[in-house]
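Structure, as structure tokens:
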Protein chains: 2
Amino acid sequence: MVKKARTPSRRDEALTREQIIDAAIELLDASGEAGLTLRALSARLATGPGAIYGHIADKSDLLTAACDVLVARTLDEAPPSAAPDATIRALALALFDAIDAHPWIGSALGAAPGRLPMVRILDRVGRQVRALGVPEAAQWRATSALLGYILGIGGQNAANGQLAREQGLDRTDFLDSMAATWAMLDPAEYPFAHAIAAQMREHDDRADFLAGIDLLLAGLAAARRKR
Amino acid sequence: MVKKARTPSRRDEALTREQIIDAAIELLDASGEAGLTLRALSARLATGPGAIYGHIADKSDLLTAACDVLVARTLDEAPPSAAPDATIRALALALFDAIDAHPWIGSALGAAPGRLPMVRILDRVGRQVRALGVPEAAQWRATSALLGYILGIGGQNAANGQLAREQGLDRTDFLDSMAATWAMLDPAEYPFAHAIAAQMREHDDRADFLAGIDLLLAGLAAARRKR
DNA sequence: ACCTGAACACCGTTCAAGT
DNA sequence: ACCTGAACACCGTTCAAGT
């Protein structure tokens, strides 16, 4: 009694919000933030641009939703650990890597303060700050310092990646050309930037990122000892 | 022998890059990043949109240049101090306030890695890191941690400000509505965000920002002691 | 040499018309 | 009820034509 071949009205199944978000992620991963266009999206979904507005409020809503899917996945996959500071390092590193792999997440997070993806991160990091023994009155400060740092570095890294992609260079060549530009700066006006250019070539973004997290954790530990 | 009234060809004086940048800053301050439009800009300068392209490469070049003017001014006006850590605090706070007053600087900085405004900040902060006695091999790490933090918090703050403006709320009402949203979250799924919502209402962004800088400086001091 | 502004190739979003 | 896609009101950018 099963119909072998129902005649579909226009598409086999109704358009869902989830389908739209998945297609948006594919577009964003393939060609960056500029690649997410309502027209490109509707073409990929074999529909008209208007159909999408039945499932999302607007483009920024879609971008935040796409970001949230990846953030939720990233946080879920971060390896848990017994020690809160090790867990914070693992969470931070997982987010760093996710933003590195999908640079558009960086700007999407920056544009969505207080929205769900940010709340997910806040909550996961905040729970570990609490477990670290930071007194309740200082928990907000400590957590938002960690979040600011993670998003700040992540955002810069994402911008580097986007720029490198636009110029068709890989990461190393891109950093090399940046270092070369800095090396040409007037040493009298920009002494530090001029001098540091040499270090740019041999540095490790990921290790430097973690070193900053450790700096913040060390600061928290110092405050705890003083208490 | 001075001509009292030269007949101007079409405008009294030739268009300059500086005029364009100043007009862009006015537009950005008046109506945010969305307010900077080549059409609005050319209307304000009493010319056609094409004329502007003789003086700037493209819109992102213009945004970076506008950002650079404000960053240079901000750094120049930051009160100098004898102690390097006090100078770092002053620089950070000056940048925080500048981004708060001109939220578009936040995203402009994020979009311009390695460009002049970022180099200015890197250099000024880096010189103080050096003066702090951080060993040369660790100077890049320490400086980029500070920069990441400053831009990260600045960016979030800017996003808050932009969002608040779009909703026609002042800062307090905006944070209140955000806290209210968080308070409604499922405490089982988001225990920290749910609990921290109450602290949102009474916190001081500026003081919290500085506390994070102090955390980083404390971490640097701890590393120095261990050396 | 520099400005002018129409024109081009796009956007996000809406909405009458279809099914 | 949901999709369709033409249409609207914009963009950044270019370039022949002017002065």
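Numbered from 1 within each chain, the chains take letters A, B, ... in sequence-line order. Values below: all heavy atoms of this structure, side chains included; hydrogens, waters and symmetry mates excluded.
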message = For a quick check, with a 4.0 angstrom heavy-atom cut-off, what is the B/S/- contact string for nucleotides 7-16 of chain C, read 5' to 3'?
response = B---BBBBB-

request  = Quick one: list whatever passes side chain to side chain donor-acceptor pair (under 3.5 Å) with B/S107, sequence neighbours left out.
outcome  = B/E33

Sequence-distant partners of A/H102, side chain to side chain donor-acceptor pair (under 3.5 Å), two or more places apart = A/D29

According to side chain to side chain contact (heavy atoms under 4.5 Å, CB included), who are the partners of [X], at least two apart in sequence or on a separate chain?
X: A/S144; result: A/W140
X: B/P187; result: B/H194
X: B/A78; result: B/L91, B/A94
X: B/A66; result: B/I21, B/I25, B/L28, B/W104

key: Spacing between B/H55 atom NE2 and C/dA1 atom P, to the nearest angstrom   = 14 Å

request  = For A/L15 and D/dA1, give me the distance from atom CG to atom P, rounded to whole Å.
outcome  = 18 Å

key: Partner set under salt bridge (charged side-chain N to carboxylate O under 4.0 Å, His left out) for A/R17, not counting sequence neighbours   = A/D61

request  = Kindly write out the residues that satisfy salt bridge (charged side-chain N to carboxylate O under 4.0 Å, His left out) with A/D205, not counting sequence neighbours, or none if the list is empty.
outcome  = A/R171

Flag side-chain contact, heavy atom, 4.5 Å: A/L15 against A/Q19 = yes

Could you pull out every donor-acceptor pair under 3.5 Å between side chains of residues 38-46 of chain B and any protein atom, sequence neighbours left out?
residue	atom	partner	partner atom	Å
B/S42	OG	B/L38	O	3.1
B/S42	OG	B/R39	O	3.0
B/R44	NH1	B/E26	OE1	2.4

ask   = Reading DNA chain D 5' to 3', how would its secondary structure be written in dot-bracket notation, given Watson-Crick and G-U pairs with both distances under 3.5 Å, brackets [ ] for crossing pairs and | for partners on other strands?
value = ||.|||||...|||||.||

request  = Enumerate the residues from residues 105-117 of chain B whose closest heavy atom to DNA chain D is under 4.0 Å, giving them by residue number; use none for an empty result.
outcome  = none

